[in-house]
2 protein chains.
Amino acid sequence: MLVPVEKPKSKREGLRRETLALILATGEQIFADHGLKGATMQAIADGANLPKANLHYYFPTKHDLYRQVVERIFNIWLDAAESFDTQANPEQALGTYIRKKMEISRSHPYGSKVWANEVIHGAPIIHDYLETTLAEWTDSRIAVIERWEFEGLIDPVNPRHLLYMIWSTTQHYADFSHQIATLNGGVPFNDAQWAQATECVTNIILKGIGVKRAAPS
Amino acid sequence: MLVPVEKPKSKREGLRRETLALILATGEQIFADHGLKGATMQAIADGANLPKANLHYYFPTKHDLYRQVVERIFNIWLDAAESFDTQANPEQALGTYIRKKMEISRSHPYGSKVWANEVIHGAPIIHDYLETTLAEWTDSRIAVIERWEFEGLIDPVNPRHLLYMIWSTTQHYADFSHQIATLNGGVPFNDAQWAQATECVTNIILKGIGVKRAAPS
DNA sequence: AATTCTTTTGACCAATTGGTCAGGTTGACG
DNA sequence: CGTCAACCTGACCAATTGGTCAAAAGAATT
């Protein structure tokens, strides 16, 4: 899903890409911290060390910039979604998916926050994605989970709620990072704490749906 | 925790309370849908059918109104927190707490969204609550969960992550209601679906931490 | 070197919006 | 009924901010 990066054809092309990436990254952070309305083009410009008028050269309107930020996040989400291997066994498929989502929460906290913000406010921009791509992905995975149930590999559970549980628990570590840091003595998680969080979430969910786990070696 | 409602002493007093309640309720909804910056006093005024200047009579600034909306939500949260009975057994205490939180997600979706928004954006207003009241409550419940572990009533799990899991899964149904409705054919959950969600979440979490459950009657 | 196209930028504008205020209205109370 | 305090409200203002534009600077091409 990730777009392969091609070589820039010229100095111009290279600079252009750098500038675009810089604006998108800065915008992601500002939008995450202040919301769509609260983020100002001036703040994004300052964060990227560019004059405001330059932003409008690359992104005609704030909405255009915001939309591209959100689309980028959605692609990252899709990338993780593919790790939910429909061929593997429950422990593998779900375990890999949960771990991948936890990694994203750690590596892309701003993107996750922008996404959360967007959905909380009624998803005015991404409504189409939810209805099409997300709905299709969800349906396909629900079918897989139902097959597992039928085969007795997991307890009978409503697959939809299982997916919601995975989404909410993993994204919580990104979206509510400030609350979590505050309850962690004011400092963000370190490597060990992230590892423990991932393990803990994975274990509880897998055990919670009665996954038949491979015997510990 | 909920403040007992006293009788109004006069017609004025009664009207005053009604107006305050109306503004707070309307503000909660507008803040939930548009965020702190995106919500305008004019929109809240229109929603409450009041002239804008009247809002400023009761709440001098938008921040004052916002702060009171957030404080009200925090009190509702505290009310649910008390249902986490430190005397009961794990199944009772956690089950009641989860169910209560699910009820709040259904009955106060706007409040939950405002709270989520606030935390996502770094909790500029409620930082004090997180550091004091929330931290104390969390510590006290962690102690209880550790006692359960010690007594062998539940598996050894990191209590902090268990709490985060309960918070995230239950609040997800309020905060991401739009996404959930979209994946539900565009309509919000009905009674039966809420009941199933509650049961499903409760079961997976309780089983996930190995709670010794009372034998089914 | 000359030309053309892309990119950069400071100055500017119009619309939005939080907040003010003076004057009017209404209820409480003696 | 008269007085006073609380309440209501239309009109207004100053600050912010998304977006524009013309002119300058820089790269590519001939």
Side-chain angles (χ1 to χ4, degrees), chain A residues 6-24 26-70 114 117-118 121 124-125, chain B residues 6-24 26-70 114 117-118 121 124-125:
Chain A
E6 283 159 41
K7 256 193 195 157
K9 287 168 192 159
S10 64
K11 182 176 176 183
R12 260 209 184 136
E13 183 68 13
L15 273 176
R16 181 183 184 81
R17 286 190 202 172
E18 270 182 44
T19 309
L20 278 170
L22 175 64
I23 296 173
L24 281 169
T26 311
E28 181 175 293
Q29 184 180 335
I30 304 285
F31 283 130
D33 284 343
H34 302 280
L36 169 54
K37 195 67 193 291
T40 68
M41 291 301 267
Q42 190 61 60
I44 298 172
D46 291 346
N49 265 317
L50 292 171
K52 192 184 67 166
N54 207 353
L55 262 64
H56 279 101
Y57 174 74
Y58 286 99
F59 301 92
T61 70
K62 186 163 87 162
H63 265 82
D64 289 331
L65 172 55
Y66 180 73
R67 182 182 288 272
Q68 290 206 28
V69 166
V70 172
V114 173
N117 226 328
E118 172 70 7
H121 294 159
I125 304 287
Chain B
E6 283 158 40
K7 257 194 193 155
K9 289 169 191 157
S10 64
K11 182 177 177 183
R12 267 224 174 120
E13 182 69 13
L15 273 177
R16 180 183 183 82
R17 286 190 202 172
E18 269 181 46
T19 308
L20 279 170
L22 175 63
I23 296 173
L24 282 168
T26 311
E28 181 176 291
Q29 183 179 338
I30 303 285
F31 283 131
D33 284 343
H34 302 281
L36 170 54
K37 194 67 193 290
T40 68
M41 291 300 269
Q42 189 62 60
I44 298 171
D46 291 347
N49 265 316
L50 292 171
K52 192 183 67 164
N54 205 354
L55 261 64
H56 279 101
Y57 175 73
Y58 286 99
F59 302 91
T61 70
K62 186 163 88 160
H63 265 81
D64 289 332
L65 172 54
Y66 180 73
R67 183 182 288 272
Q68 290 206 28
V69 166
V70 171
V114 173
N117 227 327
E118 171 69 7
H121 294 160
I125 304 287

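What you see is a predicted model; the values in this text were computed from it and never measured. To find a chain, count down the sequence lines: A is the first, B the second, and so on, and within it residues start at 1.
Between B/Y58 and D/dC8 there is a side-chain polar atom (N or O) within less than 4.0 angstrom of OP1 or OP2. Close to C/dT7, at under 4.0 Å from its OP1 or OP2, lies a side-chain N or O of A/Y57. A close approach under 4.0 Å does occur between a side-chain nitrogen or oxygen of B/R16 and OP1 or OP2 of D/dC7.
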Protein heavy-atom contacts under 4.0 Å, written 5' to 3' over nucleotides 10-22 of chain D as B (base), S (sugar-phosphate only) or - (none), form the string B------SBBBB-
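Listed by first and then second residue, the ring pair (Phe, Tyr, Trp, His ring centres under 6.0 Å) pairs involving residues 28-53 of chain B are B/F31-B/Y66 (not counting sequence neighbours).
Look at CG on A/L20: it is 15 Å from P on C/dT6, rounded to the nearest Å. Protein atom CD1 of A/I23 is 12 Å distant from nucleotide atom C1' of C/dT8, rounded to whole Å. Regarding A/N54, its CG atom lies at a distance of 14 Å from the P atom of D/dG26, rounded to whole Å. We find that CD of B/E13 is positioned 18 Å from P of D/dA5, with the value rounded to whole Å.
With sequence neighbours left out, B/E28 forms a salt bridge (charged side-chain N to carboxylate O under 4.0 Å, His left out) with B/R72.
One finds the NZ atom of B/K62 at 7.0 Å from the NZ atom of B/K37 (value rounded to the nearest 0.5 Å). Note: B/N117 CG to A/H121 NE2 = 3.5 Å, rounded to the nearest 0.5 Å. Here A/L20 contributes atom CG and A/L15 contributes atom CG; the two are 11.0 Å apart, rounded to the nearest 0.5 Å.
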Name each donor-acceptor pair under 3.5 Å that joins a side chain in residues 43-60 of chain B to protein atoms two or more places apart or in another chain, with its distance.
residue	atom	partner	partner atom	Å
B/D46	OD1	B/Q42	NE2	3.1

